[in-house]
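Numbers here are sequence positions counted from 1.
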Amino acid sequence: MTYHPAVAVPVLELGDILLVTLQGDLHDGAAEQLQDDITHRIARRPVNGVVIDISGVEIVDSFLGRVLAEIAAGARLLAARTVLTGMRPAVAITLVELGLTLPGLPTALDVESALASLGHASSAAPSPHPQEGASCKPDSA
C-alpha cells in the first residue's frame, strides 16, 4: 500500500473572498483537508464567497466531485457562496458521464467571471485616474 501524504492546497484571501487554485492530482486526503480548511476559514472570519479554480486539474473523479459539492454546501450553511471555475471540456464530459451534477455549485468560465458573480470588483476595472491627455480641470459651467 502506497502512502500519499496530504499536500496542503493554498487558499488565498482576496478581501472577503477565498481563492483556491487546484493544480494536478488531488489525493483523497488532500481533498478532505481542503474541505476542512475552507470550512474553518469561513467560520473564523467573514467570507462572502469561495472561488475554486480547477483549470489545473486534468481529471475530476466521483470522490473529488463529491468533495467539491460538499465544500459548496458547507460554505452555503456558513453564509458564503461558492463558484467553480476553469473546468476543462473533458472534465465536464466526465462529470456528466459519471452522473455528477454538483448541485448548488454554480460555475464560471474563468476566475474573473467567478469574482464578478460574487460581486467582487474586477482587477480590470477602469482606473479612477484620468487618461493621458485628459483634462483634470473641473467643468467651468
Side-chain angles (χ1 to χ4, degrees), residues 2-141:
T2 305
Y3 172 72
H4 296 284
V7 177
V9 175
V11 179
L12 304 174
E13 296 180 6
L14 301 173
D16 62 350
I17 305 288
L18 297 180
L19 175 61
V20 181
T21 303
L22 303 181
Q23 296 293 321
D25 292 335
L26 192 64
H27 298 287
D28 293 356
E32 290 173 338
Q33 181 61 46
L34 176 64
Q35 180 179 2
D36 189 56
D37 185 32
I38 289 174
T39 304
H40 281 91
R41 282 181 182 234
I42 294 170
R44 278 197 310 261
R45 61 183 293 286
V47 171
N48 288 325
V50 178
V51 174
I52 303 174
D53 180 9
I54 62 168
S55 59
V57 175
E58 296 286 332
I59 298 171
V60 174
D61 61 9
S62 59
F63 179 78
L64 182 56
R66 190 181 85 231
V67 169
L68 293 171
E70 288 175 358
I71 288 171
R76 193 169 41 257
L77 288 172
L78 295 169
R81 296 181 300 151
T82 303
V83 179
L84 185 67
T85 185
M87 187 178 303
R88 296 170 183 242
V91 170
I93 290 167
T94 300
L95 290 175
V96 169
E97 288 173 349
L98 291 173
L100 295 175
T101 58
L102 304 177
L105 186 53
T107 59
L109 290 177
D110 55 34
V111 172
E112 187 173 344
S113 299
L115 291 172
S117 74
L118 292 172
H120 193 273
S122 170
S123 60
S127 171
H129 303 291
Q131 293 179 357
E132 185 175 316
S135 172
C136 294
K137 296 180 184 175
D139 291 335
S140 57

- side-chain contact (heavy atoms from CB on, under 4.5 Å) between Leu115 and Val51, worked out: CA-CA 7 Å; Leu115 291 172; Val51 174; 3.9 Å; yes

- Message: Let's go through Phe63 and Glu32 carefully: what are the C-alpha distance in whole Å and the side-chain angles of both, what is the deciding distance for side-chain contact (heavy atoms from CB on, under 4.5 Å) to 0.1 Å, and is it a yes or a no?
- Response: CA-CA 10 Å; Phe63 179 78; Glu32 290 173 338; 3.7 Å; yes

- Option from Leu19, Ile42, Leu118 for which side-chain contact (heavy atoms from CB on, under 4.5 Å) with Val50 holds: Ile42

- Message: Going by side chain to side chain donor-acceptor pair (under 3.5 Å), name the pairs with one or both residues in residues 76-99, residues two or more places apart or in two chains.
- Response: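 Non-adjacent pairs meeting side chain to side chain donor-acceptor pair (under 3.5 Å): Glu58-Arg88.
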
Rounded to the nearest 0.5 Å, what separation is found between the [atom1] atom of [X] and the [atom2] atom of [Y]?
X     : Y      : atom1 : atom2 : result
Leu84 : Leu105 : CG    : CG    : 5.0 Å
Ile93 : Leu98  : CD1   : CG    : 12.0 Å
Ile52 : Ile71  : CD1   : CD1   : 4.5 Å
Leu78 : Arg44  : CG    : CZ    : 12.0 Å
Asp37 : Arg41  : CG    : CZ    : 5.0 Å
Leu68 : Gln35  : CG    : CD    : 9.5 Å

Work out which heavy atom in [X] is nearest to a heavy atom in [Y]; give both atom names and the distance.
X      : Y      : result
Ala30  : Leu26  : CB-CD1, 3.6 Å
Ala114 : Ser117 : O-OG, 2.8 Å
Ala80  : Val47  : CB-O, 3.4 Å
Val83  : Thr107 : CG1-C, 4.1 Å
Leu34  : Val11  : CD1-CG2, 4.0 Å
Ala69  : Leu102 : CB-CD2, 4.3 Å

- Task: Carefully, step by step, assess Leu64 and Arg66 under the rule side-chain contact (heavy atoms from CB on, under 4.5 Å).
- Result: CA-CA 5 Å; Leu64 182 56; Arg66 190 181 85 231; over 6 Å; no

- Message: Could you go through Val9 and Val20, starting from their C-alpha distance and side-chain angles, then the distance that decides it, and tell me whether this counts as side-chain contact (heavy atoms from CB on, under 4.5 Å)?
- Response: CA-CA 7 Å; Val9 175; Val20 181; 3.8 Å; yes

- Query: If you measure only the distance, is there a donor-acceptor pair under 3.5 Å linking the side chains of Thr39 and Asp36?
  - Reply: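 Result is no, nothing qualifies.
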
